[in-house]
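Since the structure comes first, as structure tokens, the remarks are kept for the end.
Everything numeric in this text was worked out from a predicted model, so none of it was measured. So that the names make sense, note that chain A is the first sequence line, chain B the second, and so on, each numbered from 1.
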Amino acid sequence: MAKKVGTEVSFAAAEAVRLCNVDVIAAYPITPQTHIVEKLSEYVADGDLDAEYICVESEHSAMSACCGSSATGARTFTATAGQGLELMHEVLTIPASSRLPIVATICNRALSGPLSVWGDHSDMMGVRDTGWIQMVAENGQDVHDLIVTAFKIAEHKDVMFPVMIHMDGFHLTHVIEPIILLDQEEVDKFLPPFSYDLKLDPDSPVSVGTYGPPHIYPEIKKAQQVALVNTMDTIKTIWKEFGDMFGRYYNPVETYRSEDAETILITMGSFSETATLAVDALREKGKKVGLVRLRLWRPFPFAELRDAVKSADNMVVLDRAISYGGPVGPLCSEIRSAFYMMKNRPAIVSYVSGLGGRDISPEEFEEMITRGEDIARNGSENEYEMLGVRE
Amino acid sequence: MLTWKDIPIGAIVTAPGSAKEYRTGDWRSQRPVWDLAKCIKCGLCYIYCPDASIGWKNEEGYPWWDEYHCKGCGICAQECWTKAIHMEEETE
């Protein structure tokens with residue numbers, strides 16, 4: 001039986017990976033991700049997990065080893081953060097194109113410089129267009145459950161894409177939360193063994209990751225893009241299946257008191273829980289505000305988001321990343337694009353805050369919403385506001 | 001020609017070794033020319049060829065040239081001890 005325990009979220013992540021009975025882990029330690037792979041190496045050393053743990057010399061090698069491993073049909077896991085994800089970047093596009101169902105937890109960390117080990121979403125945005133499915137966790141339970149669903153989604157014959165589960169560095173990785181840990185019997189019932197017809201096999205040879213000259217490259221890219229968009233139904237079906245089995249339902253877009261809201265705050269990740277306090281406080285003051293949180297960043301949940309905010313006149317979007325010299329933050333930029341062609345679209349206001357591990361208090365979220373409403377009505381001379389920065 | 005709908009998952013190639021059908025010799029602007037009178041059959045050209053476009057060895061013990069795949073890089077001519085290979089402009 002599943003049991004509720006107080007555990008560090010990183011350990012709950014490692015436990016989920018152990019329960020999924022992975023075959024290969026290739027990872028390089030980097031703050032704030034280290035506790036996950038440390039715990040996994042302990043499991044392997046102690047015989048609690050029958051897997052190959054490959055100690056690599058860098059994240060570039062980690063992802064390269066993962067590609068080879070996954071191509072042989074082995075269930076493969078890695079984890080990284082921040083600069084580690086940047087070093088991995090060159091290889092990230094390859095499992096997406098070759099359709100290798102690697103699962104990776106990314107412990108979101110601000111990119112240097114200045115050097116920071118603390119959390120924001122700049123690393124996640126940097127790898128946005130590498131072709132992975134990207135899920136964003138709000139809390140420890142999310143992390144534990146999403147990892148289990150991620151393997152099932154990644155390896156489903158109608159998906160076959162690598163999956164990243166984003167968890168905020170420190171705000172999730174290093175906190176202790178009450179988490180219901182799944183047990184082995186339950187996970188075995190939910191997650192079938194990985195089998196793949198086109199794996200590397202000497203008895204039935206195939207070539208993976210070949211050359212794509214101009215006469216075929218665009219066809220391969222269109223096939224990849226259409227396939228990624230088409231994963232949405234399977235993702236939703238598998239999350240529903242998980243909910244039916246374990247009572248915890250996950251959706252591409254999650255809502256909080258947003259049904260009749262005139263102004264909706266849009267967030268991703270762990271700060272969403274703090275933001276709900278601001279929504280509660282404003283509701284008590286009689287304001288019709290709500291929260292919508294994206295759990296799925298890629299593929300982008302266009303229809304689900306439009307449906308979730310249909311009551312709203314205003315949307316206030318929080319980004320924890322800057323697009324230097326560009327428009328609003330990356331999340332807001334996407335949301336504006338998603339709504340641009342709609343008639344009667346809501347006003348969409350952009351905030352950038354919570355960079356490099358800086359907290360956002362409930363009071364600041366309140367200010368973001370109320371000032372956002374003002375900007376929606378009266379406009380602003382700035383493309384976006386940076387909240388919580390000393391002037 | 002394949003359409004995007006015909007692409008196998010992950011663009012995986014299920015006919016191994018099919019890259020040999022691709023005529024990389026079309027890329028060549030120079031071709032190696034052998035003077036077998038100078039060749040001492042050392043095999044360095046065969047070892048250095050980055051594209052496995054020099055074979056080792058024919059019935060008389062000399063290297064042989066794979067015109068279909070050779071890209072004309074000239075490494076064989078550069079490395080040949082006895083200058084038995086030189087590059088000439090491709091005229092085809």
Residue part contacting chain B, namely of Ser97(A), when any heavy atom lies under 4.5 Å = backbone
Which atoms form the tightest heavy-atom contact between Ala223(A) and Ile7(B), and what is the distance?
-> CB-CB, 4.1 Å
Pick one of side chain, backbone, both or neither for Tyr211(A), based on which atoms fall under 4.5 Å of a heavy atom in chain B.
-> side chain
Spacing of CH2 belonging to Trp4(B) relative to CD belonging to Gln225(A), to within rounding of 0.5 Å = 10.0 Å
Shortest non-hydrogen contact from Thr210(A) to Ala11(B)?
-> OG1-O, 4.0 Å
Is Gln78(B) atom CD crowded by more than 12 heavy atoms from other residues, nucleotides or ligands, each under 6.0 Å away?
-> no
Taking atom CE of Met341(A) as the centre, report whether more than 12 heavy atoms of other residues, nucleotides or ligands fall under 6.0 Å from it.
-> no
Just wondering, are more than 12 heavy atoms of other shown residues or ligands nearer than 6.0 Å to CH2 in Trp27(B)?
-> yes
Ser98(A) to Ile12(B) - nearest heavy-atom pair and separation | O-CD1, 4.3 Å
Answer yes or no: does atom NZ of Lys41(B) have more than 12 heavy-atom neighbours from other residues, nucleotides or ligands under 6.0 Å?
-> yes
Heavy-atom proximity to chain B below 4.5 Å, by part of Tyr217(A) = neither
Do Leu198(A) and Thr14(B) come within less than 4.5 Å of each other through their side chains, counting heavy atoms only?
-> yes
Counting heavy atoms not belonging to Phe302(A), are there more than 12 under 6.0 Å from its CZ?
-> yes
Rounded to the nearest 0.5 Å, what separation is found between the CE atom of Met160(A) and the CD1 atom of Ile9(B)?
-> 5.0 Å
Greater than 12 external heavy atoms within 6.0 Å of Asp244(A)'s CG = yes
In short, Glu219(A) meets Leu2(B) closest at the heavy-atom pair CG-O, 3.8 Å
Could you tell me whether Glu90(A) atom CD has more than 12 heavy atoms of other residues or ligands within 6.0 Å of it?
-> no
Side chain / backbone / both / neither for Pro95(A) at chain B, heavy atoms under 4.5 Å = neither
Any chance OH of Tyr48(B) has more than 12 other-residue heavy atoms, nucleotides or ligands included, within less than 6.0 Å?
-> no
Could you look at Thr3(B) and say if it's the side chain, the backbone, both or neither that has a heavy atom under 4.5 Å from chain A?
-> backbone
